[in-house]
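These numbers were taken from a predicted model, which means no experiment stands behind them. If you read the sequence from its start, that first residue is 1, and numbering goes on from there.
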Amino acid sequence: MSCNFHFLLILVFLISLHELPTISTSSSIDLIQKTCKNTKYYDLCVSSLKSDSTSLKADTKGLATIMVKIGMVNATATNNFLSSHELVLNTTNNYTKNDLVLVKKLIKDCADKYALATNALQDSLQDLNNEVYDYAYMHVMAAADYPNVCHNGFKRNPRLDYPTQLAIREDGFKHICDVVLGILDALGW
């Protein structure tokens, strides 16, 4: 649980590396807070939205768009991390040669799933733009589900541990998707 919290804290910190704007209107703060109250992860929602200066002038649909883009950045970063093979190089398990081949295959499969998650979020942006909120919702749900395929690949091979770094990234990504789904619910489609 604390690893998950630390990952989310790091994620919010990285998002806020841009200079945070001073929110001058209480209506902007009110809309962000009101919108984020509809989500499972209020603090993640508020800090993520406040880190993007365009949220100051965004309506609820705009806030959803901002969070989808944050999800895309997260999924792309996880895909890049997995594609770099850093996870395989940092593994501390004493895998056999055959197990290591399987781990590499599973990690490649996982990278592919995060690429598909990014694509699904891209589709949800188009749906948001076209105000087809039910399809946007469906695409975000699909994006959130792609990491499950990755996790299940490791579950099917009980001698292989699901990498902690990947579990933390998976939780962070799913939390972002849950925030998007909460915001989409607030659109009242």
(message) Is a donor from one side chain sitting under 3.5 angstrom from an acceptor on the other, for K61 and N129?
(response) no
Output all residues satisfying salt bridge (charged side-chain N to carboxylate O under 4.0 Å, His left out) with [X], sequence neighbours left out; order by chain, then residue number.
{"X": "D59", "answer": "none"}
{"X": "R156", "answer": "none"}
{"X": "K105", "answer": "D109"}
{"X": "K108", "answer": "D112"}

Interatomic distance, [X] atom [atom1] to [Y] atom [atom2] [nearest 0.5 angstrom]:
{"X": "L187", "Y": "D134", "atom1": "CG", "atom2": "CG", "value": "11.5 Å"}
{"X": "I66", "Y": "L128", "atom1": "CD1", "atom2": "CG", "value": "11.5 Å"}
{"X": "L184", "Y": "Y137", "atom1": "CG", "atom2": "OH", "value": "7.5 Å"}
{"X": "S48", "Y": "Y41", "atom1": "OG", "atom2": "OH", "value": "13.0 Å"}
{"X": "C177", "Y": "I70", "atom1": "SG", "atom2": "CD1", "value": "11.5 Å"}
{"X": "I176", "Y": "D171", "atom1": "CD1", "atom2": "CG", "value": "11.0 Å"}

Closer than 3.5 angstrom, by distance alone: can the side chain of [X] be matched with the main-chain N or O of [Y] as a donor-acceptor pair?
{"X": "T76", "Y": "V73", "result": "no"}
{"X": "T118", "Y": "Y114", "result": "yes"}
{"X": "S83", "Y": "N80", "result": "no"}
{"X": "D52", "Y": "T54", "result": "yes"}
{"X": "S55", "Y": "L49", "result": "yes"}

Taking only residues two or more places apart in sequence or in another chain, which ones pass side chain to side chain contact (heavy atoms under 4.5 Å, CB included) with [X]?
{"X": "K69", "value": "T65, L125"}
{"X": "M138", "value": "Y135"}
{"X": "K155", "value": "H151, N152"}
{"X": "A115", "value": "N79"}

Is the closest side-chain heavy-atom distance between [X] and [Y] below 4.5 Å?
{"X": "N38", "Y": "D185", "value": "no"}
{"X": "L166", "Y": "F81", "value": "no"}
{"X": "M72", "Y": "Q122", "value": "yes"}
{"X": "D145", "Y": "N148", "value": "yes"}

(message) With disulfide bond (SG atoms under 2.5 Å apart) as the rule and sequence neighbours excluded, what pairs involving residues 28-79 come up?
(response) C36-C45
(request) Enumerate the residue pairs fulfilling disulfide bond (SG atoms under 2.5 Å apart) with a member in residues 112-176, sequence neighbours excluded, ordered by first and then second residue. (result) C110-C150
So which atom in [X] and which in [Y] form the shortest heavy-atom distance, rounded to 0.1 Å?
{"X": "V68", "Y": "S124", "answer": "CG1-OG, 3.4 Å"}
{"X": "L31", "Y": "T35", "answer": "O-OG1, 2.7 Å"}
{"X": "A186", "Y": "T60", "answer": "CB-CG2, 4.3 Å"}
{"X": "F173", "Y": "A75", "answer": "CE1-CB, 3.6 Å"}
{"X": "V103", "Y": "L160", "answer": "CG2-CD2, 3.7 Å"}

(request) Apply side-chain contact (heavy atoms from CB on, under 4.5 Å) to R159 and T96, showing your working. (result) CA-CA 10 Å; R159 8 177 245 291; T96 66; 5.6 Å; no
(message) Could you work out, with side-chain hydrogen bond (donor to acceptor under 3.5 Å, both in side chains) as the rule, every residue matching D127, not counting sequence neighbours?
(response) H139
(message) With clusters defined by side-chain heavy atoms of hydrophobic residues (ILVMFWY) lying less than 4.5 Å apart, directly or transitively, does I183 cluster with M141?
(response) yes
(request) If the plane angle is over 60° it's perpendicular, under 30° parallel, otherwise tilted; pick one for Y162 and F154. (result) perpendicular
(request) Show which residues join Y146 in its hydrophobic cluster (side-chain heavy-atom contacts under 4.5 Å, direct or indirect), or state none. (result) L116
